[in-house]
Amino acid sequence: MTRTPWWRDAVVYEIYVRGFADSSGDGEGDLRGIRSRLGYLRDLGVDALWLTPFYPSPLADGGYDVADYRDVDPRFGTLGDFDALVADAHAHGLRLIVDIVPNHTSDRHRWFRKAVAAPPGSPARDRYIFRPGRPGEGPGEEDPPNDWPSAFGGPAWTRLPDGEWYLHLYATEQPDLNWRNPDVRHEFEDILRFWLDRGVDGFRIDVAAGLVKEDCYRDLAGRGVRTANGPVYSRPEVHEIYRGWRRILDEYDERMAIGEVWTDDPDDLALYLRPDELHQVFQFDLQLAPWSAAAFRDVVEAAVTAVAPTGAAPTWVLSSHDSIRHITRYEQPEGVPGIELARAKAALLLLLALPGSAYLYQGEELGLPEVVDLPDEARQDPIFKRSDGGQLGRDGCRVPLPWSGKSEPFGFSLAGVRPWLPMPAEWASLTVEAQEGDPSSTLTFYRAALALRRRLVPGLPDDLEWLDSPAAALFLRRGPLTCALNCGENPVRLPPGRPLLTSIPPYGDLLPGNAAAWLASP
Ligand code: GLC
């Protein structure tokens with residue numbers, strides 16, 4: 001019998017390293033902080049951790065601007081701390097996935113410094129994407145080489161004093177690499193081995209669809225930038241890269257890779273999951289769905305269908321370091337107070353009942369909301385800066401975790417230290433300490449759901465079956481487990497089965513609105 005690979009039904013917990021736990025007292029999270037909390041993560045009941053980038057970086061984009069791919073930023077620790085973290089995580093039964101950022105480097109990376117110092121047309125510039133501009137309107141003026149936008153606002157091109165423009169699909173400080181250059185390929189294959197040899201269990205590939213651009217650099221001319229096989233994302237050439245990576249991963253035992261692929265085309269997603277490519281891709285649609293049973297059902301069906309031909313399992317995610325926390329997305333302006341927490345707990349029971357693997361984001365187990373009222377001067381996200389404050393950006397979901405105590409930094413850092421983003425005073429009631437041992441807390445609920453899922457998973461088939469339900473609800477069955485989710489306001493009759501876990505107490509055989517239940521199928 002072949003064993004199910006560990007990632008296929010894993011619950012993975014995303015750690016935003018800078019905001020998880022600070023052991024050094026500089027106000028930013030670090031690797032030793034994570035190490036000191038492994039017991040918490042094991043007891044929470046997750047299977048694996050995904051660490052956001054901790055590599056040396058000027059943090060122009062929270063570490064997704066890497067200056068050295070083979071080291072740890074001093075503010076986050078040392079390579080020795082990393083090795084100790086891998087060993088301890090494994091000793092706690094936790095796998096470790098690290099983020100790899102191959103689409104772009106930091107502008108402080110040695111390659112980019114060399115490129116800037118070298119003349120146009122030189123081999124050093126060929127590792128990035130440098131192009132001449134186009135004549136602009138006024139005399140002597142120049143426009144960027146084409147109309148591609150940066151995902152963070154403004155054009156995707158910046159001009160150097162010598163007149164050449166370089167491409168950055170993200171911030172100016174994140175120049176895109178030229179994946180048609182063999183140096184780039186070899187470098188990243190070597191970087192993969194560097195971390196595999198240190199014992200990582202997998203990689204989360206940042207901007208996985210963007211690595212190879214069409215080499216004529218034509219205008220988008222109104223087409224969406226995410227269009228599959230357009231000039232920017234999901235070019236056919238990108239797959240050859242992942243075939244090479246897969247050969248490397250397969251030289252090691254049980255290592256995996258998950259791609260961050262935003263695409264509007266499910267067939268495109270499936271291409272990354274061919275047996276000689278990636279093990280998983282993120283399926284982000286639950287994150288985008290409104291609070292509606294019909295919408296959730298559509299998303300689940302589409303996601304399952306998209307991966308079905310590949311044999312890979314789907315992946316599910318409600319929140320991440322890039323999106324508004326789902327509890328806040330589920331708020332209703334005129335709703336009953338607390339409705340968003342009720343919904344978030346119900347959504348967890350849906351998420352964890354689905355086939356495949358679930359990615360949780362740090363703090364959702366505490367019911368942390370998005371922090372919407374950060375002062376402008378505290379905000380760090382380049383999206384905020386590049387839009388002149390027009391878009392708040394992603395800092396609101398990156399505020400450090402509250403662990404204990406009654407005031408900032410709530411055990412995130414040493415007493416008296418100001419964390420890198422201010423923490424709301426109201427979080428005193430949301431700390432791990434405040435929730436631990438409280439049978440009605442969100443944390444207790446997450447632990448119960450994760451523990452039960454772990455018990456049930458080995459007996460659950462991959463397929464799911466929809467049962468008849470009232471329109472505002474969805475009932476799904478996976479063999480011995482039935483999950484009922486009621487997105488409406490009025491109670492619905494529960495489907496048959498013995499209740500195992502409910503997000504709020506049912507009344508008899510009625511499931512209240514904004515609630516979910518797991519039942520043992522009859
Ligand atoms: C990914 C990351 C995001 C980052 C971007 C550029 O989308 O998740 O945080 O800003 O890539 O690297």
Side-chain angles (χ1 to χ4, degrees), residues 12-20 29 50-67 69 73 97-109 112 128-129 148-154 156 158 166-177 179 188 191 202-211 213 225-226 232-234 238 257-263 269 272 278 280-285 287-288 315 317-325 359-362 370 379-387 391-399 420-421:
V12 184
Y13 182 95
E14 177 186 357
I15 293 189
Y16 194 73
V17 175
R18 208 178 172 197
F20 186 72
W50 149 31
L51 306 190
T52 56
F54 46 79
Y55 315 108
S57 165
L59 301 190
D61 180 23
Y64 284 93
D65 47 323
V66 179
Y69 290 84
D73 193 291
I97 297 173
V98 297
D99 222 307
I100 184 148
V101 189
N103 181 67
H104 43 262
T105 68
S106 159
D107 61 351
R108 314 272 78 198
H109 190 280
F112 194 69
Y128 293 87
I129 298 171
W148 296 359
S150 150
F152 293 161
T158 291
Y166 69 89
L167 179 71
H168 51 86
L169 293 182
Y170 293 85
T172 316
E173 299 86 349
Q174 292 168 296
D176 278 51
L177 286 162
W179 273 87
F188 273 87
I191 293 164
F203 296 96
R204 178 262 185 192
I205 308 169
D206 189 63
V207 193
L211 274 42
K213 286 82 180 170
V225 73
R226 300 281 180 200
V232 187
Y233 286 100
S234 279
V238 83
I258 175 165
E260 185 206 21
V261 178
W262 290 91
T263 174
L269 206 67
Y272 293 84
L278 305 181
Q280 292 184 333
V281 287
F282 281 105
Q283 292 177 284
F284 290 114
D285 305 270
Q287 227 179 26
L288 307 173
T315 63
V317 42
L318 289 167
S319 280
S320 77
H321 70 290
D322 286 331
S323 63
I324 296 183
R325 285 188 176 273
Y359 282 74
L360 307 181
Y361 177 51
Q362 70 179 33
E370 184 84 2
R379 290 193 183 273
Q380 317 249 342
D381 189 347
I383 295 183
F384 180 76
K385 296 181 188 153
R386 288 179 70 95
S387 67
Q391 283 183 55
L392 290 184
R394 302 161 294 177
D395 294 306
C397 65
R398 299 174 177 179
V399 172
W420 66 283
L421 284 174

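Order of appearance sets the numbers: ligands from 1, and atoms from 1 within every ligand.
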Pair Asp322 + Arg398: basic N to acidic O under 4.0 Å
yes

Are Trp262 and Tyr233 close enough that their ring centers fall under 6.0 Å?
no

Are more than 12 heavy atoms from other residues, nucleotides or ligands located less than 6.0 Å from atom CD1 of Ile191?
yes

Tell me whether Arg204 is salt-bridged to Asp206, with the criterion being a basic N under 4.0 Å from an acidic carboxylate O.
yes

Could you check whether Arg386 makes a cation-pi contact with Phe152, meaning its NZ or CZ is under 6.0 Å from the centre of the six-membered ring and within 45° of the ring axis?
no

So that I can tick it off, tell me whether Lys385 and Asp61 are bridged by a salt bridge, with the cut-off set at under 4.0 angstrom between side-chain N and carboxylate O.
no

Would you please write out the protein residues whose heavy atoms approach any atom of ligand 1 to under 4.0 angstrom, listed by chain and number?
Asp61, Tyr64, His104, Phe152, Tyr170, Gln174, Arg204, Asp206, Val207, Glu260, His321, Asp322, Arg394, Arg398

